[in-house]
Every structure is written in C-alpha cells, then in structure tokens.
Asker: 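Got a structure for you, questions after.
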Amino acid sequence: MAAPMLSWPNGARCAAAFSFDVDGESAALAADPATARSLSTMTHQAYGPRVGVRRLLEVLDHCGVRGTFFVPGYTADLHPGTVRDIAAAGHEVAHHGYDHVKPAGLTLAEQADQLDRGSDALERLTGARPLGYRAPMWDLSWEMPALLAERGFLYDSSLMDDDLPYHLDCTGGEEGIDSGREAGESATGRLVEIPIHWALDDWEQYCFIPGVAELGPIQTPEHAVALWHAELEGMRRFGGCWVLTNHPFLSGRPGRAAALETLVRQVTELPDVWVAALDEIATHTMRTGLPPRPMPRIHPG
Ligand SMILES: [Zn+2]
C-alpha cells in the first residue's frame, strides 16, 4: 500500500517557497581562496548582500510574500546590516554554513564547528538561533542530519530524493560516527527534509565567475522563468513542494529581479498553491505525524 501523502493547508495542490542563498564573497573564497586577490571578483560577489538583497526584499514586500534567506556566517559577519534588514522585514534567516565550504569534504569536528560558528553569527544579529539549514553548494554530508537534530534544528533543505517534504529519522546516524552522544539520545532524532533540485536554482542559469564558475552562456530571465514555471505546473498536476532558490548576487540584478517579481506575483495568484516560507512548511510537515523515513542507503559493496 502506498504511504500516506503529505497534504497542504486549505486543500492546496502544492506548496511554493521562495528561498535565497546569500553566498556573497564566501562562495568564491571557498571555491578558490586565491579569489581574495581579485577585487573585481570580490565586488561581483559583494553585490548580493550590498545591492541584491535590498532589491529582492522590495520584490517580496510588493508581493506580500515571506521568504527564507540562507546566510553563511561569513556573510553575516561581513554584512551585518543586510542580515538585520532581512530579519526586520519579517523573513526567515536560516543557516548556510560559516565559510560556505561543503560539509561532505570536512571531518565531523569541522562540520560541527561550521554549524556552531554559523548559528552564533546569525544569533548575534537576529537574537535567535536558526531553525533551518541548507548545505553550502547543496552538498550535504551523511553525518550532518544527526548534527542538526542534536542542535534542535527543525529542518534541512539540501536533499533531492522526493518532491515532498518528509520526516528524516537520523537517530541511527551512520556507523562509525561518534557525535558525542549515544544512539537515540538526540533531542528529537528527527528532522524535516524539504527537498530541492538543480532545475529550481538560478545558479545554473545565471552564474558566470571567471576562473571560479564559468557555466555559461548566461541565460535570459525568460529562459530561467520558463524552466521554473514548467516545474511548478508539474507539481500542480502531480503534487509537490516547489522550492525556488535565487542568489542575490545573481538574481538581484535589475532585469532578473524584475522577472522574478512577475513570477512571484503570478504564483501568489494561483488558488491551488500555498505560498509559505520554509520554516512554515517544515512546521506543517512536522505536525502531520507521517512516519519518519530512515536515512538513505547505498550499496555497501
Ligand atoms: Zn550557497
């Protein structure tokens, strides 16, 4: 028998969330520390927290939408006013690592350090520890779900094995991991996972950083929005949770921000779509009481 499917408030066919990864300088520095010597590259990245966030806050305000901003601790420490502005506007400020390094490439202690330093940086500015986490470069490690659950995080949004959020049971962790607690001792041992997908990210459409990320050709906003629309139409047909991700250093540019505003407005006018921030979607999911899903497995051979 098929597992019961997550349902949305007011009978909506799908949920839609607008999320923003405020990478700034940290994304380039983590990819290649030598970029610190390039003033042009640093300013290309600084555009996000300096200009892009402000413009995107205006877009969300015009459309009456509450968004989720994943902020690396490095960005928070370098651009504190930007993070205060996001929080003051009522949006969710969530965790995106400290240095924007991939957790999958770090030791357990290094992962914990990145988590705690990132939470400390955000708490200094917002007064609260973040409830949501998204792995830098969308590259979550096998150990991170348990580390998040131990620290009281409500959700992660980095995995890609479903169209709908679900409960992830991380009490078992992975064999050989010593997180400092006995198995099953974590506060809840559970985390909501809100899946994402590369097709709903602006990075693949717009990102061109010479020597760091030369994906190219840079796409038009029309091309990007058509792709995002197609996924939304599919989720209205089959059900799902449409999580769009924009980077302020990319989508904060004027033509892209204008196209995004049109899209946000269109999505809010769809009667069968529940538009919400990720913490609201995670809370709704947690309250459904659906059975938790064990950690994914791969063939041991
Ligand atoms: Zn990022």
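As the structure lists them, so they are numbered: ligands from 1, and atoms in each ligand from 1. These numbers were taken from a predicted model, which means no experiment stands behind them. If you read the sequence from its start, that first residue is 1, and numbering goes on from there.
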Asker: When you measure from the side chain of R134 to the backbone of S157, do you find a donor-acceptor pair of N or O atoms at a distance under 3.5 Å?
Answerer: yes
Asker: If the plane angle is over 60° it's perpendicular, under 30° parallel, otherwise tilted; pick one for F70 and Y155.
Answerer: perpendicular
Asker: Keeping to distances under 2.8 Å, can you name the protein N/O/S atoms close to the Zn ion (ligand 1)?
Answerer: D23 OD1, D23 OD2, H96 NE2, H100 NE2
Asker: Taking everything shown except R50 itself, do over 12 heavy atoms lie less than 6.0 Å from its CZ?
Answerer: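 Incorrect, the count does not exceed 12.
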Asker: Give me the atom names and distance for the closest heavy-atom approach of M235 to C14.
Answerer: O-CB, 3.8 Å
Asker: If you draw a 6.0 Å radius around CG in D161, do more than 12 non-hydrogen atoms from other residues or ligands fall strictly inside?
Answerer: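 Result for CG/D161: enclosed.
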Asker: Evaluate the side-chain proximity of L147 to F153: yes if any heavy-atom separation is below 4.5 Å, no if none is.
Answerer: no
